[in-house]
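So the structure is just underneath, and the comments pick up after that.
Order of the sequence lines sets the chain letters (A, B, ...), proteins ahead of strands, with each chain counted from 1. Since the model is a prediction, treat every value here as computed from it, not as a measurement.
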There are 2 protein chains.
Amino acid sequence: MPPTIHDVARRAGVSVGTVSHVLNGSATVRETTRERVLQAIRELDYQPDAAARTLRQRRTGTLGLVRTIQSGPHVLAEASDHVFLEFLGGAQEVAAQEGVGILLWGAPPGPEEEEVYRRLVRGRRVDGFILLGTRVDDWRVRYLEEQGVPFVAFGRAADSVSFPYVDVDGEQALRLITEHLVYLGHRRIGYIEPPAGLTCALHRRSGFLEVLRRHGIPLDGRLIVQGGFTWEAGERAMRDLLYLPDPPTAVIAPNDVAAMGAIAAAQARGLKVGRDISVVGFDDIPLAAYWQPPLTTVHQPARWIGAEVTRMLLALLSNGAVPRKQVLVSPELRVRQSTGPVNQPTVSI
Amino acid sequence: MPPTIHDVARRAGVSVGTVSHVLNGSATVRETTRERVLQAIRELDYQPDAAARTLRQRRTGTLGLVRTIQSGPHVLAEASDHVFLEFLGGAQEVAAQEGVGILLWGAPPGPEEEEVYRRLVRGRRVDGFILLGTRVDDWRVRYLEEQGVPFVAFGRAADSVSFPYVDVDGEQALRLITEHLVYLGHRRIGYIEPPAGLTCALHRRSGFLEVLRRHGIPLDGRLIVQGGFTWEAGERAMRDLLYLPDPPTAVIAPNDVAAMGAIAAAQARGLKVGRDISVVGFDDIPLAAYWQPPLTTVHQPARWIGAEVTRMLLALLSNGAVPRKQVLVSPELRVRQSTGPVNQPTVSI
DNA sequence: GTGTCCTTTTGAAAGGTTTCAATTCAAAGG
DNA sequence: CCTTTGAATTGAAACCTTTCAAAAGGACAC
């Protein structure tokens with residue numbers, strides 16, 4: 001029904017080859033001819049068929065982005081919501097500018113996710129991938145490298161020498177946070193881990209431990225607890241930490257939302273956060289500054305990262321090489337009122 | 001490089017037609033042959049080329065979703081973040097289940113957005129569209145109807161008889177909110193509008209005004225102020241309202257984030273929200289319940305809506321008809337502590 | 001054996017573009 | 001007026017499927 005390149009050619013009185021050349025600038029076309037073709041295109045409101053084009057030139061003009069989602073009807077809001085959306089916004093902006101789309105797919109981690117990647121790759125539905133939330137041992141990285149499909153990741157993997165990525169320097173971030181707390185006099189610092197398996201968990205913990213070591217602060221294993229990126233995870237972790245016979249005077253959460261959950265748990269125990277106990281977050285979501293108390297946290301330029309990752313991927317697709325292969329973003333500590341000098345906490349049970 | 005259907009056919013010792021039939025179940029194939037073909041497919045890790053398939057059968061297996069984004073480097077976080085993500089999550093879940101992808105594109109409203117739709121439609125890149133944030137006079141609705149492209153919207157338009165949508169009953173929502181406030185004794189109620197142009201602004205205002213009328217509360221035009229979905233918009237609007245010689249005792253914000261901004265502005269003036277002044281939000285984002293004070297708001301089941309919209313669109317694409325063409329979701333008022341009985345506010349200037 | 005009727009399989013066209021070798025055109029040089 | 005040359009244009013193949021009319025195969029009755 002919609003017009004094809006043949007219709008345009010007929011109307012302009014030229015061959016389809018010429019129309020194609022006008023469309024792609026693939027050969028010199030005389031100015032008057034060019035004008036005639038463009039006129040016909042306008043008149044017919046012609047737009048080349050994407051599938052035919054892809055079939056021929058093996059480019060889809062699409063980037064793949066598979067979002068890890070927990071399935072099920074009553075899923076609680078993913079807490080990294082804001083970071084993801086900012087990231088996506090940056091990616092979209094760059095992609096749109098270059099005229100490529102982003103094909104979004106969702107899958108729970110595991111075999112189902114693998115199946116999605118396989119289908120997208122083997123079915124040639126995308127030109128390359130944007131990877132999010134890289135894991136220490138990341139099947140996706142191995143698969144895409146094996147298949148020779150270009151990709152750029154937000155985050156590193158155990159062995160990240162090989163592929164291009166942008167990541168926040170989590171080690172440095174945790175050095176900043178921990179130094180800040182130690183400077184305030186804290187020596188019993190609770191540490192809530194990001195979800196196990198994510199590479200960022202490794203880097204962050206290593207930064208945390210390094211500072212403890214440097215200051216000769218003994219490591220109490222019970223102060224390190226499993227956690228996650230949700231409010232509930234932060235709440236539960238804080239509760240566990242406060243039940244310890246010798247609870248921490250400061251707690252580091254894996255992100256702002258978990259920090260907010262942790263704060264709520266502390267407040268429920270009658271503690272005043274910032275005075276009786278300090279809490280630090282991660283991400284610096286907009287609400288962090290407005291929270292009660294305003295949250296000390298580490299700023300993560302998610303939007304910029306999304307844009308940069310996309311730029312790198314597009315460069316990889318056209319040049320075949322990425323200018324800066326691996327980018328490590330220096331985090332910035334934003335000190336607010338959820339952290340304060342150490343104090344004798346009065347835990348009322 | 002990757003195997004084609006011919007490779008599979010050769011390996012299985014059959015014709016390409018037979019392989020295609022096995023793939024699509026388009027003809028009866030003898031069981032033993034079928035098995036041989038499947039075996040070859042497995043061995044080669046074959047996956048039909050999406051472009052070739054699309055070219056032939058005129059289906060892309062992709063739904064289009066164009067997100068309205070404000071461009072520019074320093075854009076403040078879109079405040080409807082959470083709602084959008086939940087919506088997207090629901091849509092993705094259903095789409096993934098049916099094996100279709102979501103092609104995401106971003107564009108600022110205006111000619112650029114039109115160009116994006118045009119390219120996607122005329123280039124046959126998607127089978128249908130999911131529309132978000134419908135406007136009273138929505139060019140997209142007109143264009144898609146004119147082009148005969150299937151779509152389902154989250155939200156209505158001025159004339160919504162014609163197209164399928166899911167929407168929250170904003171009129172009813174504002175009736176609930178306003179009745180709640182009037183019941184608490186409020187008669188001077190400030191109203192912060194959603195961004196102008198959006199259809200939801202119309203419905204909501206109409207619900208608000210209806211209840212005022214019903215209770216014989218005179219309408220003071222200065223209590224209705226332009227607003228938006230951001231923290232800043234809420235903050236500014238509240239500031240303006242409090243500057244009035246006779247400020248309101250309650251304020252209705254267009255969403256939770258704006259309500260939080262409004263609360264901050266009120267607190268900055270020394271008011272205790274819930275006692276000196278009441279504030280109501282919209283959306284019921286997860287943080288609303290944990291806010292200080294916990295926010296009275298209207299719950300919006302964004303995830304379900306995203307899923308439902310997608311289900312409707314998929315039905316439209318396969319059957320050609322949608323079971324329930326238009327769905328109006330009844331909102332639920334969640335009363336928390338940001339609203340309370342009217343009080344003589346003591347505005348300290 | 002032959003004819004009939006299903007069931008299964010085949011081969012080629014069609015879908016809309018790009019690309020490339022080949023052809024035509026126009027102008028310049030002799 | 002004929003050649004030569006470089007620029008502009010053309011036509012057909014190729015990309016990988018699906019689809020459909022036609023052919024082949026197999027079972028059964030006569």
Side-chain angles (χ1 to χ4, degrees), chain A residues 1-38 40-41 44-62 99 119-127 318, chain B residues 1-41 44-62 99 119-127:
Chain A
M1 200 73 235
T4 73
I5 200 172
H6 287 93
D7 300 321
V8 175
R10 195 168 328 119
R11 188 175 195 103
V14 298
S15 75
V16 293
T18 305
V19 177
S20 180
H21 288 139
V22 170
L23 242 29
N24 302 295
S26 43
T28 47
V29 175
R30 198 186 311 151
E31 189 51 34
T32 61
T33 318
R34 215 178 93 81
E35 211 26 83
R36 226 163 354 118
V37 171
L38 288 176
I41 288 176
L44 294 173
D45 188 15
Y46 167 75
Q47 186 76 227
D49 182 283
R53 191 169 245 196
T54 294
L55 179 59
R56 189 58 236 245
Q57 51 179 25
R58 337 241 57 186
R59 291 190 352 100
T60 62
T62 307
R119 262 217 304 276
L120 295 180
V121 167
R122 304 293 294 192
R124 296 192 206 73
R125 286 190 66 142
V126 299
D127 295 332
S318 55
Chain B
M1 200 70 235
T4 73
I5 201 173
H6 287 94
D7 299 322
V8 175
R10 195 169 327 119
R11 187 175 197 103
V14 297
S15 76
V16 293
T18 304
V19 178
S20 180
H21 288 138
V22 170
L23 242 29
N24 302 295
S26 43
T28 47
V29 175
R30 198 185 310 152
E31 190 50 34
T32 60
T33 319
R34 216 179 92 82
E35 212 25 86
R36 225 163 355 119
V37 170
L38 289 176
Q39 178 64 22
I41 288 176
L44 295 172
D45 188 16
Y46 167 75
Q47 185 77 226
D49 182 283
R53 192 168 243 197
T54 294
L55 179 58
R56 191 56 235 246
Q57 49 181 28
R58 334 242 60 181
R59 291 190 354 102
T60 61
T62 308
R119 261 217 305 275
L120 294 179
V121 168
R122 305 293 295 190
R124 296 192 208 70
R125 285 192 65 143
V126 298
D127 295 331

Once side chain to side chain contact (heavy atoms under 4.5 Å, CB included) is applied, do any residues pair with [X], and if so which ones, sequence neighbours excluded?
{"X": "A/V16", "answer": "A/I5, A/H6, A/A9"}
{"X": "B/T62", "answer": "A/L103, A/R125, B/T60, B/L103, B/V126"}
{"X": "B/R36", "answer": "B/V14, B/T33"}

Problem - salt bridge (charged side-chain N to carboxylate O under 4.0 Å, His left out) partners for B/R122, two or more places apart - result: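 A/D45.
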Practice task
Pull out every residue in residues 27-38 of chain A that has a heavy atom closer than 4.0 Å to any atom of DNA chain C, ordered by number, or say none.
Solution key: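 Contacting residues: none.
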Practice task
Would you work out how much the helix from C/dG1-D/dC30 to C/dG30-D/dC1 bends between its ends, with each end axis defined by five base pairs, to 10 degrees?
Solution key: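 So the angle between the two local helix axes works out to 60°.
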Practice task
Scan residues 21-33 of chain B for pairs that pass salt bridge (charged side-chain N to carboxylate O under 4.0 Å, His left out), counting only residues two or more places apart or in two chains.
Solution key: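 Applying salt bridge (charged side-chain N to carboxylate O under 4.0 Å, His left out) to every pair that reaches into residues 21-33 of chain B, excluding sequence neighbours, yields B/E31-B/R34.
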Handout entry: Any pair counted as salt bridge (charged side-chain N to carboxylate O under 4.0 Å, His left out), so long as it reaches residues 9-26 of chain A, sequence neighbours left out
Key =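 Pairs touching residues 9-26 of chain A that pass the test: A/D7-A/R10, A/R11-A/E43.
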Problem - Segment of DNA chain D, first to last nucleotide, that comes within the 4.0 Å heavy-atom reach of chain A - result: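 Here the contact window of chain A covers D/dA8 to D/dC16.
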Indicate every side-chain donor-acceptor pair of residues 46-56 of chain A with a distance under 3.5 Å to a residue at least two apart or in another chain.
| from | atom 1 | to | atom 2 | distance (Å) |
| --- | --- | --- | --- | --- |
| A/D49 | OD1 | A/A51 | N | 2.9 |
| A/D49 | OD1 | A/A52 | N | 2.9 |
| A/D49 | OD2 | B/R58 | NH2 | 3.4 |
| A/D49 | OD2 | B/R124 | NH1 | 2.5 |
| A/R53 | NH2 | A/N24 | OD1 | 3.2 |
| A/T54 | OG1 | A/A50 | O | 2.9 |
| A/T54 | OG1 | A/R59 | O | 3.1 |

Fill in the blank from the handout: Once base and sugar-phosphate atoms are separated, protein heavy atoms under 4.0 Å mark nucleotides 15-20 of chain C, 5' to 3', with B, S and - as BBBBBB
Handout entry: side-chain hydrogen bond (donor to acceptor under 3.5 Å, both in side chains) partners for A/S15, two or more places apart
Key =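 Here the qualifying residues are A/T18.
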